[in-house]
**Q** 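What follows is a single structure, and I will ask about it in a moment.
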Amino acid sequence: MPDDDDVRVALQRHWAASDANDFVTEHEIYRADAILEYPQSGERIRGRHNIQASREAQPNAKRFTVRRILGGGDLWISELVLTYDEQPFYVVSIMEFEGAEVVRETQYFGDPFAPGPSRAQWVERMD
C-alpha cells in the first residue's frame, strides 16, 4: 500500500503530465478498468485505454494549473484551473484509489463568473 506522500507525488506527476500533454505518463495512474465520469455532460468512460484515447482526441489547446491537492487513504481531491484555448474552467477532480491506482475519477467543471456586487464589501479578490 502506498502512503499518502506517495499518492500525492503520483498526483503531482499526473497533473504535470496532463499539463505537458504527456498522455502516456498522465494515464499511468489509472487501473486498466478505471472509470471516468463527467456528471455535467452525463458521460462515463470505461477503461484506461478509452480514457487516454478520449483525451488524445481533444482538439483544444489545454493547460492545467493545480490549486491544491487534498486527501488521504483512498480518496483524493484536486482543485484545478483547466484552460482550454485560453478560456479558464474551474475543475474539481475526485479520485478513488485502490492501492496505487485510480479506479474511479469524477470531474466537475465550473465556468468563471463576475463577482456579485451585493457582497463586494466583504470580498477579497483572488488571482
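This is a predicted model, so every value here is computed, not measured.
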**Q** Supply the atom-to-atom distance Glu79 CD to Tyr90 OH, rounded to the nearest 0.5 angstrom.
**A** 11.5 Å
**Q** Please test Arg55 against Lys62 for side-chain contact (heavy atoms from CB on, under 4.5 Å), starting from the C-alpha separation and ending with a verdict.
**A** CA-CA 11 Å; Arg55 290 177 173 161; Lys62 65 178 175 52; 5.6 Å; no
**Q** Under the criterion side-chain contact (heavy atoms from CB on, under 4.5 Å), I'd like the reasoning laid out for Leu36 against Glu43: C-alpha separation, chi angles, the key distance, then a yes or no.
**A** CA-CA 8 Å; Leu36 171 62; Glu43 297 172 282; over 6 Å; no
**Q** For Gly73, does its backbone N or O pair with a side-chain atom of Asp4 as donor and acceptor, under 3.5 Å?
**A**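 Yes; judged by distance alone, with no hydrogens or angles, the pair exists.
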**Q** Determine, step by step, whether Asp19 and Arg63 satisfy the side-chain contact (heavy atoms from CB on, under 4.5 Å) criterion, reporting the C-alpha distance in whole Å, the side-chain angles of both residues, the deciding distance to 0.1 Å, and the verdict.
**A** CA-CA 5 Å; Asp19 185 52; Arg63 297 301 311 258; 2.7 Å; yes
**Q** Check this for me: Gln58, atom CD, are more than 12 non-hydrogen atoms of other residues, nucleotides or ligands nearer than 6.0 Å?
**A**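 Counting neighbours around CD of Gln58, more than 12 heavy atoms of other residues, nucleotides or ligands fall under 6.0 Å, so yes.
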**Q** Distance check, rounded to the nearest 0.5 Å: Glu26 atom CD versus Trp15 atom CH2?
**A** 7.5 Å
**Q** Under the side chain to side chain contact (heavy atoms under 4.5 Å, CB included) rule, collect the residues that match up with Ser118, sequence neighbours excluded.
**A**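 Ser118: no side chain to side chain contact (heavy atoms under 4.5 Å, CB included) contacts found.
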**Q** If you take all heavy atoms of Ile45 and Ile51, which pair is closest and at what distance?
**A**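 So the minimum-distance heavy-atom pair works out to CG2-N, 3.6 Å.
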**Q** Tell me whether the count of non-hydrogen atoms from other residues, nucleotides or ligands lying under 6.0 Å of OH in Tyr108 goes above 12.
**A**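 No, the 6.0 Å shell around OH holds no more than 12 heavy atoms from other groups.
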**Q** Determine whether Leu75 and Glu96 make a side-chain contact, defined as any pair of heavy atoms from C-beta on separated by less than 4.5 Å.
**A** yes
**Q** CG/Asn50 to CD1/Ile35 distance, rounded to the nearest 0.5 angstrom?
**A** 11.5 Å
**Q** Drop me the distance from Ile69's CD1 to Arg8's CZ, to the nearest 0.5 angstrom.
**A** 6.0 Å
**Q** Indicate the ring-plane relationship of Tyr30 and His14, choosing parallel, tilted or perpendicular according to the 30° and 60° boundaries.
**A** perpendicular
**Q** The test is side-chain contact (heavy atoms from CB on, under 4.5 Å); show your working for Trp76 and Glu105 and say whether it passes.
**A** CA-CA 10 Å; Trp76 288 81; Glu105 179 180 17; over 6 Å; no
**Q** Do you reckon Leu11 sits in the same ILVMFWY cluster as Ile94, going by side-chain contacts under 4.5 Å, direct or chained?
**A** no
**Q** So among Arg48, Arg13, Gln52, which one has a side chain to side chain donor-acceptor pair (under 3.5 Å) with Glu28?
**A**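 Answer to the side chain to side chain donor-acceptor pair (under 3.5 Å) test with Glu28 among Arg48, Arg13, Gln52: Arg13.
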**Q** Which atom pair, heavy atoms only, marks the closest approach of Ala10 to Ile29?
**A** O-CD1, 3.8 Å
**Q** Which heavy-atom pair separates Pro88 from Pro112 by the least distance, and what is that distance?
**A**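 Heavy atoms only, the tightest pair is O-CD, 3.2 Å.
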**Q** Donor-acceptor pair, Glu56 side chain versus Phe23 backbone, under 3.5 Å?
**A** no
**Q** Quick check on the hydrophobic clustering: are Ile77 and Leu82 connected, directly or via other members, by side-chain heavy-atom contacts under 4.5 Å?
**A**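 Hydrophobic grouping puts Ile77 apart from Leu82.
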**Q** Answer with yes or no whether the hydrophobic clustering places Val91 together with Val81; edges join I, L, V, M, F, W, Y residues whose side-chain heavy atoms lie under 4.5 Å apart.
**A**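 Cluster IDs for Val91 and Val81 differ.
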**Q** Arg119: which residues meet the side-chain hydrogen bond (donor to acceptor under 3.5 Å, both in side chains) condition with it, sequence neighbours left out?
**A**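 Checked Arg119 against side-chain hydrogen bond (donor to acceptor under 3.5 Å, both in side chains); zero matches.
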**Q** With distance as the sole test, does Asp85 use its side chain to make a donor-acceptor pair with the main-chain N or O of Ala61 at under 3.5 Å?
**A**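 Yes.
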**Q** Which pair of heavy atoms, one from Pro39 and one from Gln107, lies closest together, and at what distance?
**A**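 Taking Pro39 first and Gln107 second, the nearest heavy atoms are CD-O, 3.4 Å.
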**Q** Is Met95 reachable from Phe89 through a run of hydrophobic residues whose side-chain heavy atoms are each under 4.5 Å from the next?
**A** yes
**Q** Do any side-chain atoms of residues 97-104 form donor-acceptor pairs under 3.5 angstrom with protein atoms, and if so which ones, sequence neighbours left out?
**A**
| unit_1 | atom_1 | unit_2 | atom_2 | d |
| --- | --- | --- | --- | --- |
| Glu98 | OE1 | Arg31 | NH1 | 2.7 |
| Arg104 | NH1 | Glu37 | OE1 | 3.4 |
| Arg104 | NH1 | Glu37 | OE2 | 3.0 |

**Q** Atom OG1 of Thr106 and atom CD of Gln40: how far apart are they, to the nearest 0.5 Å?
**A** 11.0 Å
**Q** Side-chain contact, heavy-atom cut-off 4.5 Å: Val66 with Ser78?
**A**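 Not in contact.
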